Peer 1: 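Right, I'll just put the structure down here and ask away after.
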Number of protein chains: 2
Amino acid sequence: MLKPDTDSTGPVAGRDHSMRVERKSLTLRERAADVIRQAIIDHRLPPGKHLKERELCEMLGVSRTSVREALRHLESEHLIETVAHRGPVVVSLSIEDAKELYQVRSSLEGLAGELFARHATDEHIRNLRKTAEEMADAVARDHSEATLIEIIERFYEVLLDGSQSKVCAQFIRSLNTRISMFRRVGLNDAERRSGMMNDIDEIVRAAEERNAGALKQACIRHVERAGAIVMQQLNG
Amino acid sequence: MLKPDTDSTGPVAGRDHSMRVERKSLTLRERAADVIRQAIIDHRLPPGKHLKERELCEMLGVSRTSVREALRHLESEHLIETVAHRGPVVVSLSIEDAKELYQVRSSLEGLAGELFARHATDEHIRNLRKTAEEMADAVARDHSEATLIEIIERFYEVLLDGSQSKVCAQFIRSLNTRISMFRRVGLNDAERRSGMMNDIDEIVRAAEERNAGALKQACIRHVERAGAIVMQQLNG
DNA sequence: AACTCTTTTTTGTATGACAAACATATCATA
DNA sequence: TATGATATGTTTGTCATACAAAAAAGAGTT
């Protein structure tokens, strides 16, 4: 049931340094979309599940109007597929899809890296290192996968923020939403964690040198490796 | 006013060799979205224009329900921006946006090229050449910009089709929709047309050699040049 | 011109309605 | 039994209507 508007969905603390007042009283339909999206991402609404409007209405406590508008949104995010007169179905991703998603992500993150090297402020670079260190720390202390993922997400936000390309960031975020449908697998054994820290280290170093070519390659390789791990899990 | 359902939006002839029955009776909201999208692309609804729901309803002859669902779709395509309680506004693209869009497109089309070289069938390659020849022909006979654009679009469709990556194709199409908001400029003088034909030629040749690296670079360069032209127009 | 108050417009959301498409259960027949 | 036809119930697609809250536009005052 959606609560009035607790503004719990506010901007992530301390990332936006501008003075703009966040006009963020999300509409009901947006919050509905958020809730459904999250449910899809963590498989509470599993792939292939046929979503019925009435059920969603009850589940969310909002009217069909809002639910349907939310569904249109998720539809263009490719999280659901709608067949006329049959209603929306949670997408199921094939191995082939996973491969394609990672290929595209790799390409785009290469671009993001390149742009970061060229456009990021010194503060962005410091932030990148700081977040990388938090990550190393979390790995060293053997924190949970969830914690790690949260830090990784912050790392990417710094990267995207510093690359100063709204368009690039939009696309990568959209990709990541889709990818997170099967990213649940991957970061539990020590070897992989240290492999990842290697990648991250490479990225931070290239960033500090502002070496666009190197950073681009580091980002590409990082995604390729992450993709390879996921593909392996999906196959095995 | 939207007419019943003429199915004029059928599948492009002879590209799908599978036996699936195309289940394609578009819903009203989808057709509404199509009409609005096209109006935005060719500036009949100019950038910055504040869209009022009632006006759209009358203009399209459909109910608010359908219009609003269509708007949600255009919203996630980044063709309009909605501020709560103010309604949707047609996006206006800054020069910076244009630059970013072309950068991303360049990166993605590089990927598409690479994948084409690796995955396309021989028929795809033949089609690519055939379309390129039509293009050369249209240039030689000095056809209209509209004709040329139509052929170029077909060329891209072949490229995307052959690259066999649904995801990549989705993203590039989405980009192109946005870009076409200012692509109206660009292909009228002879020098540019011959420049473009050079690019195309390079692409076709690399494709025929199935040289992934070369094709990737050719695609990247092509988009970069196209972008440079647009940027020039926007600046001057 | 700048400010406040009022009126009008527009959006966000809910509800009820109904035809058409779909799914399911029921029954008839080869 | 398997097949096909029919009736029944669901769900979607679309519309109309309603109303509170937000925003815009006007009106009047200082």
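Source: prediction; values computed, not measured. Naming: A, B, ... by sequence-line order, numbering from 1 per chain.
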Peer 1: Just call it for B:Arg29: base, sugar-phosphate, or nothing, with non-hydrogen atoms closer than 4.0 Å on any strand.
Peer 2: sugar-phosphate
Peer 1: For the pair made of CD1 in B:Ile80 and P in C:dT11, what is the distance, rounded to whole Å?
Peer 2: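 Checked: the CD1 to P distance equals 11 Å.
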Peer 1: Tell me the interatomic distance from A:Glu69, atom CD, to C:dT15, atom C1', rounded to whole angstroms.
Peer 2: 15 Å
Peer 1: Before accepting this row, confirm whether a basic side-chain N of the pair A:Arg37/A:Asp34 lies closer than 4.0 Å to the acidic partner's carboxylate O.
Peer 2: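 Looking at A:Asp34 together with A:Arg37, the answer is yes, because their closest N to O distance falls below 4.0 Å.
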Peer 1: Map B:Arg86 and A:His50 onto DNA chain D by nearest heavy atom, then report which one ends up closer to the 5' terminus.
Peer 2: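 Closer to the 5' end of DNA chain D: A:His50.
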Peer 1: In whole angstroms, how far is the P atom of C:dG16 from the CZ atom of A:Arg54?
Peer 2: 11 Å
Peer 1: Rounded to the nearest angstrom, tell me the gap between atom NZ in A:Lys52 and atom P in C:dA21.
Peer 2: 20 Å
Peer 1: Check each of A:Glu75, A:Glu69, A:His73 against B:Arg72 using the side chain to side chain donor-acceptor pair (under 3.5 Å) test, and report the only one that passes.
Peer 2: A:Glu69
Peer 1: For B:His85 and for A:Leu51, locate the closest nucleotide of DNA chain D by heavy-atom distance; then report the residue assigned to the nucleotide nearer the 5' terminus.
Peer 2: A:Leu51
Peer 1: With a 3.5 Å cut-off and just heavy-atom distances, do the side chain of A:Arg64 and the base of C:dG16 make a donor-acceptor pair?
Peer 2: no
Peer 1: For B:Leu71 and D:dT14, what is the distance between atoms CG and P respectively, to the nearest whole Å?
Peer 2: 14 Å
Peer 1: Heavy atoms from C-beta onward define the side chain here; which of D:dT11, D:dG13, C:dT13 lies closest to that of A:Leu28?
Peer 2: C:dT13
Peer 1: What's A:Arg68 touching, base or sugar-phosphate or nothing? Going by heavy atoms closer than 4.0 Å.
Peer 2: base
Peer 1: Can you check whether A:Val83's main-chain N or O pairs, donor with acceptor, with A:His85's side chain at less than 3.5 Å?
Peer 2: no
Peer 1: From the list D:dC15, D:dT11, C:dA14, which nucleotide is the closest neighbour of the side chain of A:Val62?
Peer 2: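 From the listed options, C:dA14 comes nearest.
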Peer 1: According to a strict under-4.0 Å criterion, is A:Ser66 in side-chain N/O contact with OP1 or OP2 of C:dA14?
Peer 2: yes
Peer 1: Within the structure provided, determine whether B:Val67 and B:Arg64 are in side-chain contact (heavy-atom separation under 4.5 Å).
Peer 2: no
Peer 1: For DNA chain C, whose closest nucleotide is more 5', that of A:Val67 or that of B:Pro88?
Peer 2: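 Closest to the 5' end, via its nearest nucleotide, is B:Pro88.
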Peer 1: Counting any heavy atom closer than 4.0 Å, what does B:Glu53 reach on the DNA or RNA strands: base, sugar-phosphate only, or nothing?
Peer 2: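 Sugar-phosphate contact only - B:Glu53 comes under 4.0 Å of backbone atoms but never of a base.
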Peer 1: Whole angstrom is fine here: how far is it from CG in A:Leu26 over to P in C:dG12?
Peer 2: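 Interatomic distance, CG of A:Leu26 to P of C:dG12: 13 Å.
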Peer 1: With sugar-phosphate meaning primed atoms plus P, OP1 and OP2, does A:Thr65 contact a base, only sugar-phosphate, or nothing at under 4.0 Å between heavy atoms?
Peer 2: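 Base: the residue A:Thr65, judged by heavy atoms under 4.0 Å, touches a nucleobase.
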Peer 1: Looking at B:Arg173 and B:Glu157, is any side-chain nitrogen of the basic one under 4.0 Å from a carboxylate oxygen of the acidic one?
Peer 2: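 Yes, this pair counts.
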Peer 1: Could you check which of D:dT11, C:dG12, C:dT15 has an atom nearest any side-chain atom of B:Ala84?
Peer 2: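 Ranking D:dT11, C:dG12, C:dT15 by closest atom to the B:Ala84 side chain puts C:dG12 first.
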